[in-house]
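Everything below concerns the one structure shown next.
In what follows, chains carry the letters A, B, and so on, assigned in the order in which the sequence lines appear, proteins first and then strands, with residues in each chain numbered from 1.
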Amino acid sequence: MNRVLTRDVSKHIGKKIKVSGWLHKKRKLGGLNFINLRDRGGIVQVLVEDQKEMEKLRGMQIGTVLHIEGKVVKDERAPNGAEIHEPVLQVEVPVTEEPPIEIDKPIDHKPENLDTLFEYRGLSLRNLQEQKVFKIRASLLRYIREYLTKNEFVEIQTPKLLAGATEGGAEVFKLDYFGQEATLAQSPQLYKQMLVGAFERVFEIAPAFRAELSATTRHISEVVMLDIEMGFVKNHDEVLDLVGDLTIFALQQVYEEHADDLKSINAPQLIVSDKVPKFTVEEIHELYSKANKIDTTNEKDLIPDEERWICEYAKKKHGSELVYAIDFPIEAMKFYHKINPDNPKTVLWGDLLFRGLEIATVPLRENNHETLVKQMKKASIDVKHPGYKYFLQAMKFGLPTHGGCGYGIDRLVEKVCGLKNVKEATLFPRDINRLSP
RNA sequence: GGGCUCGUGGUGUAGUUCGGUCUAACACGCCUCCCUGUCACGGAGGAGAUCGCCGGUUCAAAUCCGGUCGGGCCCGCCA
(Lines give C-alpha, C1' and ligand atoms only; values in the text may rest on other atoms or scores of the structure.)
Protein backbone atom coordinates (compact mmCIF):
# COMPACT_ATOMS: atom_id res chain seq x y z
CA MET A 1 0.00 0.00 0.00
CA ASN A 2 1.33 3.45 -0.96
CA ARG A 3 2.02 6.02 1.70
CA VAL A 4 -0.37 8.96 2.07
CA LEU A 5 0.89 12.21 3.62
CA THR A 6 -0.93 13.39 6.71
CA ARG A 7 -2.06 16.60 4.99
CA ASP A 8 -3.85 14.51 2.34
CA VAL A 9 -5.62 12.15 4.71
CA SER A 10 -8.94 13.99 4.45
CA LYS A 11 -8.98 13.36 0.70
CA HIS A 12 -9.34 9.62 1.33
CA ILE A 13 -12.48 9.48 3.45
CA GLY A 14 -13.91 5.98 3.61
CA LYS A 15 -10.76 4.41 2.19
CA LYS A 16 -8.06 2.34 3.77
CA ILE A 17 -4.68 4.08 3.69
CA LYS A 18 -1.16 3.90 5.08
CA VAL A 19 0.62 6.78 6.80
CA SER A 20 4.21 6.87 8.02
CA GLY A 21 5.87 9.20 10.46
CA TRP A 22 6.89 9.85 14.03
CA LEU A 23 4.82 9.37 17.15
CA HIS A 24 4.12 12.92 18.24
CA LYS A 25 1.66 12.55 21.11
CA LYS A 26 -0.22 9.87 23.03
CA ARG A 27 -3.49 10.62 24.80
CA LYS A 28 -4.86 7.64 26.63
CA LEU A 29 -8.49 7.81 27.70
CA GLY A 30 -9.03 4.23 28.75
CA GLY A 31 -10.89 2.27 26.10
CA LEU A 32 -10.37 5.14 23.73
CA ASN A 33 -6.90 6.40 22.83
CA PHE A 34 -5.68 9.11 20.53
CA ILE A 35 -2.25 9.29 19.04
CA ASN A 36 -0.79 11.97 16.80
CA LEU A 37 1.50 11.03 13.96
CA ARG A 38 3.86 13.62 12.47
CA ASP A 39 5.28 13.58 8.96
CA ARG A 40 6.64 16.26 6.65
CA GLY A 41 3.15 17.46 5.86
CA GLY A 42 1.95 17.94 9.40
CA ILE A 43 0.00 15.87 11.89
CA VAL A 44 -2.84 13.37 11.74
CA GLN A 45 -4.91 11.98 14.59
CA VAL A 46 -5.33 8.24 14.92
CA LEU A 47 -8.04 6.69 17.09
CA VAL A 48 -6.86 3.47 18.73
CA GLU A 49 -9.59 1.42 20.40
CA ASP A 50 -7.99 -2.01 20.15
CA GLN A 51 -6.02 -2.56 23.37
CA LYS A 52 -3.67 -4.96 21.57
CA GLU A 53 -2.65 -2.22 19.15
CA MET A 54 -2.20 0.25 22.00
CA GLU A 55 0.06 -2.24 23.80
CA LYS A 56 2.51 -1.95 20.90
CA LEU A 57 3.16 1.61 22.05
CA ARG A 58 3.81 0.75 25.70
CA GLY A 59 7.12 2.37 26.64
CA MET A 60 7.39 4.03 23.22
CA GLN A 61 8.38 7.68 23.46
CA ILE A 62 7.79 10.63 21.17
CA GLY A 63 9.93 10.15 18.07
CA THR A 64 9.13 6.46 17.63
CA VAL A 65 9.00 5.77 13.88
CA LEU A 66 5.62 4.27 12.93
CA HIS A 67 3.72 2.95 9.95
CA ILE A 68 -0.02 2.92 10.38
CA GLU A 69 -2.68 1.34 8.17
CA GLY A 70 -6.30 2.17 8.81
CA LYS A 71 -9.55 3.58 7.56
CA VAL A 72 -10.09 7.31 7.07
CA VAL A 73 -13.23 8.52 8.84
CA LYS A 74 -14.78 11.95 8.56
CA ASP A 75 -15.42 13.38 12.01
CA GLU A 76 -15.98 16.99 12.98
CA ARG A 77 -14.32 16.35 16.33
CA ALA A 78 -11.02 15.41 14.67
CA PRO A 79 -8.45 18.22 14.21
CA ASN A 80 -8.67 18.37 10.40
CA GLY A 81 -12.15 16.96 10.09
CA ALA A 82 -10.84 13.46 9.49
CA GLU A 83 -8.89 10.82 11.37
CA ILE A 84 -7.74 7.24 11.05
CA HIS A 85 -9.78 4.43 12.65
CA GLU A 86 -9.14 0.72 13.26
CA PRO A 87 -5.40 1.20 12.85
CA VAL A 88 -2.80 -1.50 12.56
CA LEU A 89 0.47 -0.18 13.96
CA GLN A 90 3.94 -1.19 12.88
CA VAL A 91 6.87 0.12 14.89
CA GLU A 92 9.88 0.60 12.61
CA VAL A 93 12.21 2.31 15.08
CA PRO A 94 11.24 2.02 18.74
CA VAL A 95 12.32 4.97 20.88
CA THR A 96 12.36 4.05 24.55
CA GLU A 97 14.43 6.89 25.92
CA GLU A 98 12.63 9.95 27.22
CA PRO A 99 13.46 13.01 25.05
CA PRO A 100 15.63 15.50 26.96
CA ILE A 101 13.38 18.37 25.85
CA GLU A 102 9.70 18.56 25.06
CA ILE A 103 8.95 18.65 21.38
CA ASP A 104 5.17 18.65 21.23
CA LYS A 105 4.71 22.02 22.92
CA PRO A 106 6.19 25.43 22.15
CA ILE A 107 9.82 25.59 23.26
CA ASP A 108 10.96 28.38 25.53
CA HIS A 109 13.12 30.95 23.75
CA LYS A 110 14.28 32.99 26.71
CA PRO A 111 17.87 34.10 26.09
CA GLU A 112 19.31 32.23 29.05
CA ASN A 113 17.69 29.00 27.81
CA LEU A 114 18.75 29.17 24.18
CA ASP A 115 21.75 27.03 25.01
CA THR A 116 19.44 24.11 25.78
CA LEU A 117 17.63 24.66 22.49
CA PHE A 118 20.89 24.38 20.56
CA GLU A 119 22.37 21.59 22.66
CA TYR A 120 19.44 19.43 21.50
CA ARG A 121 18.97 21.11 18.13
CA GLY A 122 18.39 17.88 16.26
CA LEU A 123 15.42 17.24 18.51
CA SER A 124 14.17 20.77 19.02
CA LEU A 125 13.74 21.10 15.25
CA ARG A 126 11.15 18.34 15.42
CA ASN A 127 8.97 20.86 17.19
CA LEU A 128 6.49 22.18 14.67
CA GLN A 129 6.89 25.75 15.85
CA GLU A 130 10.67 25.59 15.44
CA GLN A 131 10.36 24.15 11.96
CA LYS A 132 8.26 27.07 10.78
CA VAL A 133 11.22 29.44 11.08
CA PHE A 134 13.26 27.32 8.70
CA LYS A 135 10.47 26.76 6.22
CA ILE A 136 10.02 30.52 6.12
CA ARG A 137 13.78 30.87 5.69
CA ALA A 138 13.74 28.46 2.75
CA SER A 139 10.91 30.41 1.13
CA LEU A 140 12.69 33.72 1.59
CA LEU A 141 15.73 32.36 -0.20
CA ARG A 142 13.53 30.94 -2.95
CA TYR A 143 11.91 34.34 -3.58
CA ILE A 144 15.27 36.10 -3.47
CA ARG A 145 16.62 33.69 -6.09
CA GLU A 146 13.48 34.12 -8.14
CA TYR A 147 13.76 37.92 -8.18
CA LEU A 148 17.45 37.98 -8.99
CA THR A 149 17.22 35.31 -11.66
CA LYS A 150 14.35 37.19 -13.29
CA ASN A 151 16.61 40.26 -13.35
CA GLU A 152 19.35 38.32 -15.12
CA PHE A 153 21.73 37.81 -12.22
CA VAL A 154 23.96 34.74 -12.48
CA GLU A 155 24.30 32.65 -9.34
CA ILE A 156 27.95 32.05 -8.53
CA GLN A 157 30.05 30.18 -5.97
CA THR A 158 33.36 31.66 -4.92
CA PRO A 159 36.11 30.01 -2.84
CA LYS A 160 35.94 30.09 0.92
CA LEU A 161 39.57 29.05 1.40
CA LEU A 162 41.67 32.10 0.71
CA ALA A 163 45.31 33.10 0.65
CA GLY A 164 44.63 36.32 2.50
CA ALA A 165 42.05 38.56 4.03
CA THR A 166 39.51 39.90 1.55
CA GLU A 167 38.72 43.10 3.34
CA GLY A 168 39.93 45.10 6.25
CA GLY A 169 37.77 45.31 9.29
CA ALA A 170 36.35 42.01 10.44
CA GLU A 171 38.65 39.43 12.00
CA VAL A 172 39.37 36.31 9.94
CA PHE A 173 39.89 32.67 10.85
CA LYS A 174 43.36 31.38 10.05
CA LEU A 175 44.12 27.77 9.23
CA ASP A 176 46.89 25.57 7.93
CA TYR A 177 46.66 24.88 4.20
CA PHE A 178 49.27 22.23 3.34
CA GLY A 179 51.87 24.12 5.30
CA GLN A 180 50.77 27.53 4.08
CA GLU A 181 48.64 29.95 6.06
CA ALA A 182 45.13 30.33 4.69
CA THR A 183 42.05 32.18 5.85
CA LEU A 184 38.35 31.48 5.69
CA ALA A 185 36.50 33.98 3.52
CA GLN A 186 34.75 36.67 5.55
CA SER A 187 32.95 37.70 2.36
CA PRO A 188 33.11 37.03 -1.40
CA GLN A 189 33.70 40.74 -1.91
CA LEU A 190 36.64 40.83 -4.28
CA TYR A 191 35.58 37.75 -6.25
CA LYS A 192 32.12 39.01 -6.99
CA GLN A 193 33.60 42.29 -8.20
CA MET A 194 35.98 40.39 -10.48
CA LEU A 195 33.02 38.46 -11.88
CA VAL A 196 31.19 41.66 -12.81
CA GLY A 197 33.81 41.82 -15.58
CA ALA A 198 32.46 38.52 -16.89
CA PHE A 199 28.74 38.43 -16.14
CA GLU A 200 27.77 42.03 -15.25
CA ARG A 201 25.26 40.78 -12.70
CA VAL A 202 26.07 38.09 -10.13
CA PHE A 203 24.85 36.89 -6.79
CA GLU A 204 25.92 34.29 -4.27
CA ILE A 205 24.22 32.80 -1.23
CA ALA A 206 26.92 31.21 0.88
CA PRO A 207 28.51 31.09 4.31
CA ALA A 208 30.98 33.73 5.38
CA PHE A 209 33.23 33.40 8.40
CA ARG A 210 33.80 36.08 11.00
CA ALA A 211 36.26 35.60 13.84
CA GLU A 212 35.20 38.64 15.82
CA LEU A 213 34.95 38.20 19.58
CA SER A 214 31.41 39.45 19.59
CA ALA A 215 28.92 37.88 21.96
CA THR A 216 25.69 39.66 21.09
CA THR A 217 22.23 38.74 19.84
CA ARG A 218 23.22 39.76 16.33
CA HIS A 219 26.55 37.99 15.80
CA ILE A 220 27.47 34.47 14.75
CA SER A 221 30.82 33.38 13.40
CA GLU A 222 29.44 31.49 10.41
CA VAL A 223 26.82 33.60 8.66
CA VAL A 224 24.92 33.01 5.46
CA MET A 225 25.32 36.03 3.25
CA LEU A 226 23.55 37.06 0.12
CA ASP A 227 26.11 38.87 -1.99
CA ILE A 228 24.99 40.81 -5.02
CA GLU A 229 27.08 42.74 -7.51
CA MET A 230 25.86 44.55 -10.61
CA GLY A 231 27.72 46.43 -13.33
CA PHE A 232 26.79 49.38 -15.56
CA VAL A 233 24.75 51.11 -12.91
CA LYS A 234 23.86 54.75 -13.43
CA ASN A 235 24.31 55.74 -9.81
CA HIS A 236 24.16 54.58 -6.22
CA ASP A 237 20.38 54.88 -6.12
CA GLU A 238 20.00 52.21 -8.77
CA VAL A 239 21.76 49.70 -6.55
CA LEU A 240 19.93 50.83 -3.42
CA ASP A 241 16.61 50.49 -5.21
CA LEU A 242 17.36 47.05 -6.57
CA VAL A 243 18.25 45.71 -3.13
CA GLY A 244 15.29 47.53 -1.60
CA ASP A 245 12.84 46.26 -4.22
CA LEU A 246 14.22 42.74 -3.89
CA THR A 247 13.65 42.87 -0.15
CA ILE A 248 10.13 44.27 -0.44
CA PHE A 249 9.27 41.56 -2.99
CA ALA A 250 10.66 38.69 -0.90
CA LEU A 251 8.97 39.98 2.26
CA GLN A 252 5.58 40.45 0.64
CA GLN A 253 5.69 37.01 -0.97
CA VAL A 254 6.70 35.29 2.24
CA TYR A 255 4.11 37.13 4.29
CA GLU A 256 1.48 35.98 1.83
CA GLU A 257 2.63 32.39 1.53
CA HIS A 258 3.27 31.91 5.25
CA ALA A 259 0.56 34.14 6.72
CA ASP A 260 -0.66 31.46 9.15
CA ASP A 261 2.81 30.29 10.15
CA LEU A 262 3.99 33.84 10.82
CA LYS A 263 0.93 34.57 12.90
CA SER A 264 1.35 31.41 14.95
CA ILE A 265 4.95 32.26 15.85
CA ASN A 266 3.87 35.81 16.79
CA ALA A 267 5.75 37.53 13.98
CA PRO A 268 4.79 41.19 13.63
CA GLN A 269 2.59 42.46 10.80
CA LEU A 270 4.59 43.59 7.79
CA ILE A 271 4.58 47.29 7.05
CA VAL A 272 6.36 48.27 3.83
CA SER A 273 5.85 50.98 1.23
CA ASP A 274 6.63 50.98 -2.50
CA LYS A 275 10.15 52.27 -1.96
CA VAL A 276 12.53 52.06 0.97
CA PRO A 277 12.90 55.56 2.46
CA LYS A 278 16.45 56.94 2.63
CA PHE A 279 18.12 59.13 5.23
CA THR A 280 21.71 60.27 5.28
CA VAL A 281 23.75 59.31 8.33
CA GLU A 282 24.07 62.99 9.08
CA GLU A 283 20.28 63.40 9.02
CA ILE A 284 19.84 60.44 11.33
CA HIS A 285 22.37 61.81 13.81
CA GLU A 286 20.53 65.13 13.82
CA LEU A 287 17.05 63.66 14.12
CA TYR A 288 18.15 61.24 16.81
CA SER A 289 20.13 63.80 18.79
CA LYS A 290 17.20 66.19 18.73
CA ALA A 291 14.69 63.55 19.82
CA ASN A 292 16.85 61.89 22.48
CA LYS A 293 19.02 64.64 23.93
CA ILE A 294 22.13 62.56 23.23
CA ASP A 295 24.64 64.07 20.83
CA THR A 296 25.74 61.54 18.21
CA THR A 297 26.71 64.02 15.53
CA ASN A 298 30.40 63.15 15.95
CA GLU A 299 29.95 59.37 15.62
CA LYS A 300 31.43 57.91 12.45
CA ASP A 301 28.82 55.16 12.31
CA LEU A 302 25.29 54.74 13.63
CA ILE A 303 25.10 53.49 17.20
CA PRO A 304 22.79 50.49 17.71
CA ASP A 305 20.17 52.62 19.44
CA GLU A 306 20.06 54.97 16.44
CA GLU A 307 19.40 52.00 14.17
CA ARG A 308 16.44 51.02 16.32
CA TRP A 309 15.23 54.58 16.56
CA ILE A 310 15.34 55.45 12.86
CA CYS A 311 13.41 52.27 12.09
CA GLU A 312 10.64 53.32 14.45
CA TYR A 313 10.73 56.78 12.92
CA ALA A 314 10.46 55.47 9.34
CA LYS A 315 7.66 53.15 10.33
CA LYS A 316 5.65 55.99 11.85
CA LYS A 317 6.42 58.74 9.34
CA HIS A 318 6.83 56.75 6.13
CA GLY A 319 4.92 53.53 6.74
CA SER A 320 8.02 51.40 6.21
CA GLU A 321 9.82 48.96 8.45
CA LEU A 322 12.66 49.05 5.94
CA VAL A 323 14.89 52.11 5.90
CA TYR A 324 18.18 53.09 4.31
CA ALA A 325 20.94 54.97 6.09
CA ILE A 326 23.11 56.42 3.31
CA ASP A 327 26.24 58.52 2.81
CA PHE A 328 28.42 57.16 5.59
CA PRO A 329 31.34 59.35 6.68
CA ILE A 330 34.66 58.73 5.00
CA GLU A 331 36.27 57.72 8.30
CA ALA A 332 34.35 54.43 8.18
CA MET A 333 35.07 53.59 4.54
CA LYS A 334 36.73 50.46 3.17
CA PHE A 335 39.32 50.65 0.43
CA TYR A 336 37.00 49.44 -2.33
CA HIS A 337 34.23 51.94 -1.60
CA LYS A 338 33.58 54.91 -3.87
CA ILE A 339 33.88 58.36 -2.37
CA ASN A 340 30.84 60.55 -2.98
CA PRO A 341 31.87 63.05 -5.68
CA ASP A 342 29.17 65.48 -4.51
CA ASN A 343 30.35 65.36 -0.90
CA PRO A 344 33.90 63.99 -0.50
CA LYS A 345 33.45 63.71 3.26
CA THR A 346 31.07 60.82 2.63
CA VAL A 347 31.08 57.46 0.87
CA LEU A 348 28.47 56.07 -1.53
CA TRP A 349 27.44 53.46 0.92
CA GLY A 350 24.03 52.63 2.38
CA ASP A 351 22.94 50.34 5.16
CA LEU A 352 19.58 48.63 4.85
CA LEU A 353 17.87 48.47 8.23
CA PHE A 354 14.86 46.34 9.07
CA ARG A 355 13.02 46.36 12.38
CA GLY A 356 15.91 48.02 14.16
CA LEU A 357 18.74 45.95 12.77
CA GLU A 358 21.32 46.38 10.03
CA ILE A 359 20.68 43.59 7.55
CA ALA A 360 22.67 44.69 4.52
CA THR A 361 25.37 47.08 3.42
CA VAL A 362 24.88 48.46 -0.08
CA PRO A 363 27.81 50.48 -1.46
CA LEU A 364 29.07 51.57 -4.84
CA ARG A 365 32.64 50.43 -5.69
CA GLU A 366 35.61 52.46 -6.82
CA ASN A 367 36.27 51.14 -10.33
CA ASN A 368 39.13 53.35 -11.39
CA HIS A 369 42.31 51.29 -11.12
CA GLU A 370 44.54 54.19 -10.22
CA THR A 371 42.20 55.65 -7.61
CA LEU A 372 41.68 52.21 -6.12
CA VAL A 373 45.43 51.59 -5.76
CA LYS A 374 45.71 54.95 -4.04
CA GLN A 375 42.92 54.04 -1.64
CA MET A 376 44.54 50.68 -0.92
CA LYS A 377 47.90 52.26 -0.17
CA LYS A 378 46.21 54.72 2.14
CA ALA A 379 44.72 51.72 3.97
CA SER A 380 48.22 50.13 4.19
CA ILE A 381 47.28 47.22 1.93
CA ASP A 382 49.99 45.32 0.02
CA VAL A 383 48.77 45.45 -3.58
CA LYS A 384 51.05 42.54 -4.55
CA HIS A 385 49.52 40.19 -1.95
CA PRO A 386 47.77 37.22 -3.65
CA GLY A 387 44.58 38.23 -1.84
CA TYR A 388 44.47 41.47 -3.86
CA LYS A 389 46.64 40.88 -6.91
CA TYR A 390 43.98 39.15 -8.99
CA PHE A 391 41.29 41.59 -7.97
CA LEU A 392 43.43 44.44 -9.25
CA GLN A 393 44.10 42.47 -12.40
CA ALA A 394 40.37 42.34 -13.15
CA MET A 395 40.06 46.02 -12.32
CA LYS A 396 42.87 46.91 -14.70
CA PHE A 397 41.19 45.07 -17.55
CA GLY A 398 37.93 46.91 -17.28
CA LEU A 399 35.19 46.87 -14.66
CA PRO A 400 32.23 49.19 -15.29
CA THR A 401 30.67 51.33 -12.56
CA HIS A 402 29.30 48.73 -10.19
CA GLY A 403 27.85 48.17 -6.77
CA GLY A 404 26.06 45.57 -4.75
CA CYS A 405 25.44 44.37 -1.29
CA GLY A 406 26.43 42.07 1.53
CA TYR A 407 23.19 40.89 3.03
CA GLY A 408 22.73 38.94 6.26
CA ILE A 409 20.21 36.21 5.58
CA ASP A 410 20.23 35.02 9.19
CA ARG A 411 19.40 38.50 10.42
CA LEU A 412 16.65 38.90 7.83
CA VAL A 413 15.02 35.63 8.91
CA GLU A 414 15.37 36.62 12.57
CA LYS A 415 13.53 39.87 11.99
CA VAL A 416 10.89 38.39 9.68
CA CYS A 417 10.01 35.81 12.31
CA GLY A 418 10.07 38.31 15.16
CA LEU A 419 12.91 36.51 16.93
CA LYS A 420 15.23 38.20 19.40
CA ASN A 421 18.49 36.46 18.54
CA VAL A 422 20.06 35.75 15.17
CA LYS A 423 21.01 32.28 16.40
CA GLU A 424 17.34 31.30 16.59
CA ALA A 425 17.13 31.86 12.83
CA THR A 426 20.10 29.54 12.24
CA LEU A 427 19.84 25.75 12.19
CA PHE A 428 23.19 25.05 13.80
CA PRO A 429 24.63 28.36 14.98
CA ARG A 430 28.34 28.96 15.42
CA ASP A 431 29.39 31.51 18.00
CA ILE A 432 32.41 32.19 20.18
CA ASN A 433 31.30 29.43 22.57
CA ARG A 434 29.66 26.93 20.25
CA LEU A 435 31.20 24.76 17.52
CA SER A 436 28.69 21.89 17.69
CA PRO A 437 26.28 20.37 16.90
C1' G B 1 39.05 43.73 23.81
C1' G B 2 35.76 46.30 27.90
C1' G B 3 31.48 46.09 31.24
C1' C B 4 27.21 43.70 33.64
C1' U B 5 24.83 39.34 34.97
C1' C B 6 23.19 33.96 35.78
C1' G B 7 24.15 28.50 37.14
C1' U B 8 18.61 24.34 41.86
C1' G B 9 15.69 16.71 39.24
C1' G B 10 15.26 15.30 32.04
C1' U B 11 13.02 20.60 30.89
C1' G B 12 11.30 25.42 32.86
C1' U B 13 11.15 27.83 37.53
C1' A B 14 10.48 29.16 43.30
C1' G B 15 13.70 29.42 47.41
C1' U B 16 19.50 33.07 47.85
C1' U B 17 17.88 39.73 50.11
C1' C B 18 18.62 38.76 56.20
C1' G B 19 22.67 31.20 56.71
C1' G B 20 18.89 27.40 60.74
C1' U B 21 11.32 24.18 60.33
C1' C B 22 15.19 23.05 52.88
C1' U B 23 14.74 16.15 55.51
C1' A B 24 14.81 21.50 48.85
C1' A B 25 8.90 23.40 46.58
C1' C B 26 5.96 23.96 41.92
C1' A B 27 4.78 23.13 36.59
C1' C B 28 5.90 20.15 32.33
C1' G B 29 7.91 15.43 31.05
C1' C B 30 8.55 10.15 32.77
C1' C B 31 6.47 5.33 35.36
C1' U B 32 1.88 2.53 37.43
C1' C B 33 -3.34 2.57 37.73
C1' C B 34 -8.43 4.78 36.49
C1' C B 35 -11.03 7.17 32.47
C1' U B 36 -15.15 6.02 25.27
C1' G B 37 -13.97 12.25 22.00
C1' U B 38 -9.19 13.89 23.66
C1' C B 39 -6.56 17.73 21.03
C1' A B 40 -1.45 22.07 26.38
C1' C B 41 -7.23 15.95 28.12
C1' G B 42 -8.57 14.87 33.27
C1' G B 43 -7.94 12.04 38.10
C1' A B 44 -5.05 8.97 41.94
C1' G B 45 -0.29 7.38 43.24
C1' G B 46 5.17 7.11 42.30
C1' A B 47 10.41 7.62 40.78
C1' G B 48 13.82 11.44 39.91
C1' A B 49 18.32 17.07 42.42
C1' U B 50 24.07 15.75 47.78
C1' C B 51 21.35 23.12 44.54
C1' G B 52 27.81 23.63 38.10
C1' C B 53 32.79 22.32 40.29
C1' C B 54 36.82 23.20 44.07
C1' G B 55 38.12 25.52 48.42
C1' G B 56 37.03 28.86 52.62
C1' U B 57 34.01 31.18 56.76
C1' U B 58 30.54 28.98 60.43
C1' C B 59 27.92 24.92 65.53
C1' A B 60 25.17 25.11 60.76
C1' A B 61 25.78 26.88 53.55
C1' A B 62 21.33 26.09 47.74
C1' U B 63 21.88 30.79 50.63
C1' C B 64 28.02 34.34 52.68
C1' C B 65 33.41 34.78 50.60
C1' G B 66 37.40 33.35 46.96
C1' G B 67 38.72 30.64 42.74
C1' U B 68 37.29 27.87 38.53
C1' C B 69 34.19 26.00 34.55
C1' G B 70 29.83 26.84 31.66
C1' G B 71 25.88 30.17 29.98
C1' G B 72 23.40 34.98 28.95
C1' C B 73 23.17 40.45 27.92
C1' C B 74 25.33 45.20 26.51
C1' C B 75 29.33 48.19 24.23
C1' G B 76 33.17 48.19 20.56
C1' C B 77 33.10 45.87 15.65
C1' C B 78 30.01 43.94 12.06
C1' A B 79 25.81 41.16 8.30
Checklist entry - Which part of the nucleic acid, if any, lies within reach of A/Ala215 when heavy atoms closer than 4.0 Å are counted: base, sugar-phosphate only, or nothing? => result base
Checklist entry - What are the two closest non-hydrogen atoms of A/Glu83 and A/Phe34, and how far apart are they? => result OE1-CE2, 4.2 Å
Next on the checklist: Strictly below 4.0 Å: does A/Gln61 bring a side-chain N or O up to OP1 or OP2 of B/C31?
Outcome noted: yes
Checklist entry - Which base, if any, makes a Watson-Crick or G-U wobble pair with B/C33, both distances under 3.5 Å? => result B/G43
Item to check | Between C1' of B/C35 and NZ of A/Lys28, the distance in whole Å | outcome: 11 Å
Checklist entry - Any side-chain donor-acceptor pair under 3.5 Å between A/Lys378 and A/Gln375? => result no
Next on the checklist: Within the 4.0 Å heavy-atom criterion, would you say A/Pro100 contacts the bases, only the backbone, or no part of the nucleic acid?
Outcome noted: sugar-phosphate
Next on the checklist: What's A/Ile359 touching, base or sugar-phosphate or nothing? Going by heavy atoms closer than 4.0 Å.
Outcome noted: sugar-phosphate
Next on the checklist: Can you tell me which nucleotide in B/U13, B/G10, B/A79 comes closest to the side chain of A/Glu358?
Outcome noted: B/A79
Checklist entry - With rounding to whole Å, what would you report as the distance between B/U5 and B/C41 at their P atoms? => result 40 Å
Checklist entry - Taking the side chain of A/Ile303 as heavy atoms from C-beta outward, which of B/G76, B/G37, B/G72 is closest to it? => result B/G76
Next on the checklist: Just N and O in the side chain of A/Lys25: are any of them under 4.0 Å from OP1 or OP2 of B/U38?
Outcome noted: no
Next on the checklist: What contact category does A/Lys300 fall into here, base, sugar-phosphate, or nothing, at under 4.0 angstrom with non-hydrogen atoms?
Outcome noted: sugar-phosphate
Next on the checklist: Using Watson-Crick or G-U wobble geometry with both distances under 3.5 Å, which nucleotide pairs with B/A25?
Outcome noted: B/U13
Item to check | Options B/G29, B/G71, B/G76, nucleotide nearest the side-chain atoms of A/Arg218 | outcome: B/G76
Next on the checklist: Work out how far the P atom of B/A24 is from that of B/A61, and round it to whole angstrom.
Outcome noted: 15 Å
Checklist entry - Within the pair A/Arg58 and B/U32, is there a side-chain N or O less than 4.0 Å away from OP1 or OP2? => result yes
Next on the checklist: Using a 4.0 Å heavy-atom cut-off, does A/Tyr407 contact any base of the nucleic acid, only the sugar-phosphate backbone, or nothing at all?
Outcome noted: nothing
Checklist entry - Hey, are A/Asp108 and A/Lys110 close enough for a salt bridge, meaning a charged N less than 4.0 Å from a carboxylate O? => result yes
Item to check | Separation between the C1' atoms of B/A27 and B/G48, rounded to whole Å | outcome: 15 Å
Next on the checklist: Regarding A/Ser214, tell me which of base, sugar-phosphate or nothing describes its non-hydrogen contacts under 4.0 Å with the strands shown.
Outcome noted: base
Item to check | A/Lys334 vs B/A79: side-chain N/O to OP1/OP2 distance below 4.0 Å | outcome: yes
Next on the checklist: Which nucleotide wins on minimum distance to the side chain of A/Thr216, given the candidates B/C39, B/C74, B/A79?
Outcome noted: B/C74
Checklist outcome for this item: Taken to the nearest whole Å, CD/A/Gln129 to C1'/B/A40 is 12 Å
Next on the checklist: Rounding to an integer number of angstrom, what distance separates B/G43 and B/C6 when you compare their C1' atoms?
Outcome noted: 38 Å
Checklist entry - Do A/Arg355 side-chain atoms and A/Lys415 backbone N/O form a donor-acceptor pair below 3.5 Å? => result yes
Next on the checklist: Classify A/Asn421 by what it touches in the nucleic acid, base, sugar-phosphate, or nothing, heavy-atom distance under 4.0 Å.
Outcome noted: sugar-phosphate
Next on the checklist: Does this structure show an ion pair linking A/Lys420 with A/Glu112, if we count only N-O contacts that are shorter than 4.0 Å?
Outcome noted: no
Item to check | A/Glu414/A/Arg411 salt bridge by N-O under 4.0 Å criterion | outcome: no
Next on the checklist: Base of B/U38, side chain of A/Gln45 - is there a donor-acceptor contact under 3.5 Å?
Outcome noted: yes
Checklist entry - With respect to the side chain of A/Arg27, which nucleotide from B/C73, B/A40, B/G76 is positioned closest? => result B/A40
Checklist entry - Salt bridge or not for A/Asp327 and A/Lys345, using N-O below 4.0 Å? => result no
Checklist entry - For RNA chain B, whose closest nucleotide is more 5', that of A/Ser221 or that of A/Glu83? => result A/Glu83
Item to check | Span that lies between the C1' atom of B/G9 and that of B/A62, in whole angstrom | outcome: 14 Å
Checklist entry - Should A/Asn33 be listed as having a side-chain N or O under 4.0 Å from OP1 or OP2 of B/C41? => result no
